[in-house]
Amino acid sequence: MNLFLQSKVPNFWAQPFNSQGIWMGVLGGLLVGILIFLGLMFMPAQFRRPVVAFCTFIGGAYWVLLYIFPAPIDLQKTEMPTGPVESIGKWLTDANPVVVSISGTVTAFMLGLGIFSLLSIHLKRISRRQKDWAYSVILLVSLVSMAFFGYADYISRQGPDGTKLDLQANWGFVNYGRDLLFDGLLQQMDAAMFSVIAFYILSAAYRAFRIRSIEATILLSTALLVILSLMGAVAFVWNDAVKNMANGNDFLMNFQLTEIAGWIRRTFETSSLRGIAFGVGIGALAMGLRIWLSLERTGGGA
Amino acid sequence: MNGQKSLGEVLQSLPKQVLYIILIVFTSVPLFFPVKVPNQPLESSVDLYASLMAVKPGETVLFASDWTNSTRGESLGQFNSVMRILMRHNVNVVLYSTGDAQAPRVAQDAIAKLNEERIAAGQKEYKRWENFVSVGFFSNGEATINGMGTSVRSSFNGKKDFAPGRGLTDVYESPILKGREKVSDFPLLIVVTGSKTSNITVERLSGKVPIAFAVTGVMGPETGNFYQSQQIVGFASGLKGLYDLEGLMEDGVNNPDKSGNIAVKSSKYGPIPGFPGEKNDGQGKRYYPTLHFAVGLLILAVIIGNIGMFLSRAGGRK
Amino acid sequence: MYPLFTYDGIKVTCGVLATVGLYSVLYRENKFYRFFEHLFLGLAAGWTLLTIWVENLKGPWWDIMVGVPPEKAGDPIGNGNWAYILLLPLGLMGYMVFSKKHNWMSRIPIGIILGLWSGQQIQIWYNTYGKQIAGTAQPIWPTTWSSLTVPNYDKLQLAPDALAAAKSQVYLSQAITNFLFLVTVVCVLSYFLFSFDAKSKMVKSASSLGRYLLMIGFGAIFGSTVLMRFTLLIDRMYFIWIEWFNNIILNRH
């Protein structure tokens, strides 16, 4: 049993590539989609919340069912499931690629929303000649250039010899264009943006890191210990001094910097982070349930 | 008020631009004087190296490359080291990304540079399709990784890569993915990440496949939690983890050198060879000594700030 | 050829200019910075736009919907599943967020994504925390008093069976460590769970102890964060001084 969306044999749902059937199906589906869209637009306000709650519930129900429902044991591809339990279990397993595809596609459309918003803001700024509109032109030109060279690079690799373009020696104009914009500019600016924080950290540590309370002292001491233990040269000097003093005494060897830091890490650091993780985990589970069942007003409610 | 600042106040009021210039000096000058820093690798780094070396030649591993150049300082070096080990060990790689839309291209560019290095050294090219495939970016990482727990093939549904002589082809037609439907069909899942995709992976796939990580320093403590509860087999954290890995590639584990000395000992493993004489040094060796100076500056800044505070307080009480 | 005039020289020089441009904000906001800021945003958005289509819609949606042509004569024709077209109006509902009247419709695709996330939380909970809970509840009473601390096994030179037996024991130092681990987890957790005004004195003490212990975790995170951020800066300095200035401008390798 295959899910209807995965059938290899042509049927109502699955039609051969470039056939009349597939294009009729796509057109018909689009029409149905538009009707649903319009129907939702003009739907009475009291039905909005139940519709959103239903969609949210269906989204979550698949993973919950997949988790709690017994999966068929060692069922081969050629075998038919026996009984309703095994059939439902197999159906749920078969639905996996469809659910993953739907998740990815819907999320991709949502990602496009950010770009759409960015475009509308900057196009508006240019058309109205608002303050700093020239920067918006730079943004749009760079956006279009990146998309153009990126797509041209992608297309250039599609031919039978596309894999040869993995080596720079075989590149053409569009490949150099993509590399200059992506690796030469975007990636270097990405690195620069994230490294700027180092300056602020130093400045903040100098101005604000004061030993004023027990909490601040504990925090500062742990941070210092972690930092020093991860500095090979410091650890080497400390450990060497302890080794010379210990003179073979196993107990004293525990006072090597790496041993002390390791013990603190295993005993207090991991446990405190685990405590935080348990707290977050309980919160996430509760939030998950509330969103799934639309009990969270800020989640799926309309 | 006589308008003059006390010593305590002076110590607390260095202009930020002065601090920034000092930081630039401290992070630049040592780069021109590379030195070898003594190092004792962390147990987690040794476990990562051992788990990479335990993969048999010809096997295929899953490799989540979830970093971009925003964490280039740590992640690029980690990626290069892990890939160098896998390439030399003839292990095939299935690359995928859930962290960032730029990540697949960054990983492929890094592999291209490693390939140029291999070709220059007279080694075999690590070829797309035969040795690695790039499955690409997944916009909904949580659902994709969760789906991999049921079937990797279904999560990679519709994904294509460039096959020689064929153009864009379904990744599952690559010989390196043949017969590998479930995540348990892979001997190892490696995640090199600059974000929290390591957590998402553990939450959904731990117990189903051995997992190893290379994470940024920020994620180190959190990842240590997974390591201590044995949800992952090993990990390298930040620049220290990278420096460990580069050292292990040179020395191996329980592996005597020509004079019989063992640089890295571990009671967990038998002898694991390194790759002495090959290009093992990278960002770790280049940046680690300089990090000592930057950290020294930070500690100095905190000490000066606190001395300033105490002096001001003492002055105020007089 | 002088490296500055090669493709790699031009590429690295562009990268250095962009890096310095973004760093100029450290002095104060200026036109040079704003130029590169907008360039950065535009390039990043352009790449995301490309990836949305190439990686997430072309193969996993469009090709599944319309099918794929046979690679060569005789190969089976790939079927298309036209019902996937329904994802288009569903995805476009998200764009109704800009409509004043119908913005509620954007909550349908968002609801589906949130639903998928929430369903997974229920599924993954035990997988995430089960082993950690078991790892937290370790023996807090020693099983042997033959040694107060874990012995140096290398020195003992025991037979494999005896070595395994020795390693399976819980020594006093381990029991203390396990106890401290358990106490830390419980106290930190109680700080989170009983953040309201608890009446029990024991809960209050555990919570305040939890606050101190929490600082150890935060200290570790801070320490690691500092190391990471400095590494990223060192990487930029290496790019500017070694990869550009030394290798390209001075032409030294």
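From a predicted model like this one, the values you see are computed outputs, not experimental measurements. Every chain is numbered from 1, with letters handed out A, B, ... down the list of sequences.
- With a threshold of 4.5 angstrom between heavy atoms, Leu233(C) approaches chain B through side-chain atoms but not through N, CA, C or O.
- With a 4.5 Å cut-off on non-hydrogen atoms, Gln121(C) touches chain B through its side chain but not through its backbone.
- Surrounding CZ of Phe32(C) are more than 12 heavy atoms belonging to other residues, nucleotides or ligands, all under 6.0 Å away.
- With a threshold of 4.5 angstrom between heavy atoms, Trp47(C) approaches chain B through side-chain atoms but not through N, CA, C or O.
- Of the atoms belonging to Val295(B), heavy atoms from both backbone and side chain fall under 4.5 Å from chain C.
- Comparing Leu116(C), Asn127(C), Thr225(C) by heavy-atom pairs within less than 4.5 Å of chain B, the highest count is held by Asn127(C).
- Between chain C and the options Val202(B), Thr71(B), Asn146(B), heavy-atom pairs under 4.5 Å are most frequent for Asn146(B).
- Contacts of Gln102(B) with chain C are made by both backbone and side-chain atoms, with heavy-atom separations under 4.5 Å.
- Taking 4.0 Å as the cut-off between side-chain N and carboxylate O, Glu243(C) and Arg286(B) do not count as a salt-bridged pair.
- Looking at Asp63(C), only its side chain comes within 4.5 Å of chain B, counting heavy atoms on both sides.
- Between Asn199(B) and Phe226(B) there is a side-chain heavy-atom pair separated by less than 4.5 Å.
- Side chain of Gln78(B) to main chain of Val192(B): no donor-acceptor pair is present (N/O by atom type, distance under 3.5 Å, no hydrogens or angles).
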Practice task
Could you walk me through whether Leu239(B) and Tyr288(B) pass the side-chain contact (heavy atoms from CB on, under 4.5 Å) test, one step at a time?
Solution key: CA-CA 7 Å; Leu239(B) 189 61; Tyr288(B) 195 52; 4.2 Å; yes

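- Contact tally against chain C (heavy-atom pairs below 4.5 Å) for Asn140(B), Leu76(B), Thr216(B), Val135(B): the top residue is Thr216(B).
- Ile242(C) has its side chain within reach of Phe32(B): a pair of non-hydrogen atoms, C-beta onward, lies under 4.5 Å apart.
- Between Ile145(B) and Phe138(B), every side-chain heavy-atom pair lies at or beyond the 4.5 Å cut-off.
- Comparing Ile52(C), Ile234(C), Leu50(C) by how many heavy-atom pairs each has under 4.5 Å with chain B, the most go to Ile234(C).
- Most heavy-atom pairs under 4.5 Å with chain B, from the set Leu232(C), Ile240(C), Asn246(C): that is Leu232(C).
- Only the side chain of Thr51(C) comes within contact range of chain B, with at least one heavy atom under 4.5 Å from a heavy atom of that chain.
- Under the 6.0 Å cut-off for aromatic ring centres, Tyr287(B) and Phe230(C) do not qualify, their centroids lying 6.0 Å or more apart.
- Between Trp244(C) and the choices Ile249(C), Leu250(C), Thr19(C), the side-chain contact (heavy atoms from CB on, under 4.5 Å) rule is met once, by Ile249(C).
- Only the backbone of Leu205(B) comes within contact range of chain C, with heavy atoms under 4.5 Å apart.
- With a 4.5 Å cut-off on non-hydrogen atoms, Gln228(B) touches chain C through its side chain but not through its backbone.
- Comparing Gly223(C), Ala220(C), Gly59(C) by how many heavy-atom pairs each has under 4.5 Å with chain B, the most go to Gly59(C).
- Most heavy-atom pairs under 4.5 Å with chain C: of the set Ser139(B), Gly220(B), Gly238(B), this distinction falls to Ser139(B).
- Contact annotation for Tyr27(C): both backbone and side-chain heavy atoms come within less than 4.5 Å of a heavy atom of chain B.
- Most heavy-atom pairs under 4.5 Å with chain C: of the set Gln17(B), Arg72(B), Lys16(B), this distinction falls to Arg72(B).
- Classification of the Trp125(C)-Tyr129(C) ring pair by plane angle, with boundaries at 30° and 60°, yields tilted.
- Of the two parts of Ala44(C), the backbone and the side chain both hold a non-hydrogen atom closer than 4.5 Å to a non-hydrogen atom of chain B.
- Proximity to chain C (any heavy atom under 4.5 Å) is restricted, for Ser70(B), to the backbone atoms N, CA, C and O.
- A salt bridge between Lys240(B) and Asp244(B) is present, with a side-chain N of the basic residue lying under 4.0 Å from a carboxylate O of the acidic one.
- No side-chain heavy atom of Thr144(B) sits under 4.5 Å from any side-chain heavy atom of Tyr96(B).
- Counting heavy-atom pairs under 4.5 Å between each of Gln283(B), Glu222(B), Arg204(B), Lys160(B) and chain C puts Arg204(B) at the top.
- Both the backbone and the side chain of Phe137(B) come within less than 4.5 Å of a heavy atom in chain C.
- For Phe40(C) and Phe36(C), the ring centers sit 6.0 Å or farther from each other.
- Contacts between Pro30(B) and chain C at a heavy-atom distance below 4.5 Å are absent for every atom of the residue.
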Exercise for the section: Take Asp109(B) and Lys113(B) through the salt bridge (Lys or Arg N to Asp or Glu O under 4.0 Å) test and state the conclusion after the steps. Expected result: CA-CA 6 Å; Asp109(B) 286 349; Lys113(B) 286 203 174 81; over 6 Å; no

